[in-house]
Amino acid sequence: DFLKKGGKGLSKIEEEKILNYIGNPSKSTVLVFAPKELDKRSATFKAIKENHIIFESKKLTSLEIKRWSNDVLKNHGASMDGQQLDFFLERSGYFYKESPKTLRDVENELIKLSSIFKEKKSISKEDIEAIVFENYENDIFKFIDYVFMGNTKNSLRLFRDLTQNGESPLMVLTMI
């Protein structure tokens, strides 16, 4: 938290101890900071940048994740065409702003699909729909759309899916 707030939240003594250690760390130690947010103007950040390696990990771009996904599929004896891959990535929720989905999650889903549909030449949209659970953000908005379109069957199916996956029925209904 102190990296996000630029040293705030630490006493002067604590901040000095961290800065001293960063300036002269133990040779047998690897120290990793992994903040979700970072104040690049802080003295702590500047000390780290001056003396050590900074690696910023960001989500892959659309093109990068498509290439990576195709490699994962190929390594597991499967494939998807471009439209199916776009559908899969949208369904996975990897690109949603607050999504906790990681590459590991996406890889696990791709491996699962590859294992189940190994005999097929290419994984279809129907295969993806049958196996990959749709991201919550997609489901809640589709649920609302179905309700207002009067599509009772799909509304009830999504309501059931959402509540079975831990969402509060009251919360889902208040979204309407």
>> Side-chain heavy atoms nearer than 4.5 Å, only ILVMFWY residues, links allowed to pass through others: does that put Phe143 and Phe148 together?
In response: yes

> Quick one: does Asp127's side chain have a donor or acceptor within less than 3.5 Å of a partner on Ser124's backbone?
Replying inline: yes

>> So, taking the atom named CD in Glu129 and the one named CD in Gln84, what distance separates them when rounded to the nearest 0.5 Å?
In response: 9.5 Å

> Between CG of Leu73 and CD1 of Ile111, what distance do you get to the nearest 0.5 Å?
Replying inline: 9.5 Å

>> Using only atom types and a distance under 3.5 Å, with no angle test, would you say the side chain of Glu14 pairs donor to acceptor with the backbone of Ser11?
In response: yes

> Shared ILVMFWY cluster between Leu19 and Leu31, side chains joined below 4.5 angstrom?
Replying inline: no

> Which pair of non-hydrogen atoms, one from Val132 and one from Arg91, has the smallest distance, and what is that distance?
Replying inline: O-NE, 2.7 Å

>> Let's go through His52 and Ile22 carefully: what are the C-alpha distance in whole Å and the side-chain angles of both, what is the deciding distance for side chain to side chain contact (heavy atoms under 4.5 Å, CB included) to 0.1 Å, and is it a yes or a no?
In response: CA-CA 8 Å; His52 305 285; Ile22 289 170; 3.7 Å; yes

>> Contact between Leu156 and Tyr146 at the side-chain level, heavy atoms closer than 4.5 Å - yes or no?
In response: no

>> As a quick check of understanding, evaluate side chain to side chain contact (heavy atoms under 4.5 Å, CB included) for Phe117 and Ser122, giving each step before the final call.
In response: CA-CA 8 Å; Phe117 300 107; Ser122 182; over 6 Å; no

>> For a 4.5 angstrom cut-off between non-hydrogen side-chain atoms, does Leu110 reach Trp68?
In response: yes

>> As a quick check of understanding, evaluate side chain to side chain contact (heavy atoms under 4.5 Å, CB included) for Tyr94 and Asp105, giving each step before the final call.
In response: CA-CA 9 Å; Tyr94 177 77; Asp105 298 320; over 6 Å; no

> Would Tyr21 and Phe45 show up in the same hydrophobic cluster when neighbours are defined by side-chain heavy atoms closer than 4.5 Å?
Replying inline: yes

>> Assess the residue pair Glu64 and Lys58 against the criterion (salt bridge (Lys or Arg N to Asp or Glu O under 4.0 Å)); give the C-alpha distance rounded to whole Å, side-chain angles, the decisive distance to 0.1 Å, and a yes or no.
In response: CA-CA 12 Å; Glu64 290 169 334; Lys58 294 181 180 179; over 6 Å; no

> Do other residues, nucleotides or ligands put more than 12 heavy atoms under 6.0 Å from the CD1 atom of Ile176?
Replying inline: yes

>> Tell me if the NZ atom of Lys120 is crowded by more than 12 foreign heavy atoms within 6.0 Å.
In response: yes

>> Any salt bridge linking Glu107 with Arg104? Criterion: basic side-chain nitrogen under 4.0 Å from a carboxylate oxygen.
In response: yes

> CG of Leu89 to CD1 of Ile65: how many Å apart, nearest 0.5 Å?
Replying inline: 5.0 Å

>> Using 0.5 Å steps for rounding, measure from the CZ atom of Phe33 to the CD1 atom of Ile48.
In response: 4.5 Å

>> I need the Asn75 CG to Asn70 CG distance, nearest 0.5 Å.
In response: 10.5 Å

>> Tell me whether Glu109 is salt-bridged to Lys101, with the criterion being a basic N under 4.0 Å from an acidic carboxylate O.
In response: no

> Around Arg67, counting heavy atoms of other residues, nucleotides and ligands shown, do more than 12 lie under 6.0 Å from its CZ?
Replying inline: no

>> Do Ile123 and Ile116 sit in one hydrophobic cluster, given that two such residues count as connected whenever their side-chain heavy atoms are within less than 4.5 Å of each other, even indirectly?
In response: yes

> Can you check side chain to side chain contact (heavy atoms under 4.5 Å, CB included) on Val147 and Phe159, steps first, answer last?
Replying inline: CA-CA 10 Å; Val147 168; Phe159 181 78; over 6 Å; no

> In terms of hydrophobic clustering (I, L, V, M, F, W, Y; side-chain heavy atoms under 4.5 Å; direct or indirect links), are Met149 and Leu173 co-clustered?
Replying inline: yes

> Can you name the closest pair of heavy atoms from Arg160 and Thr163 and give their distance?
Replying inline: O-OG1, 3.1 Å

>> Using a 6.0 Å cut-off, check whether atom NZ of Lys112 has over 12 heavy atoms from anything other than its own residue.
In response: yes

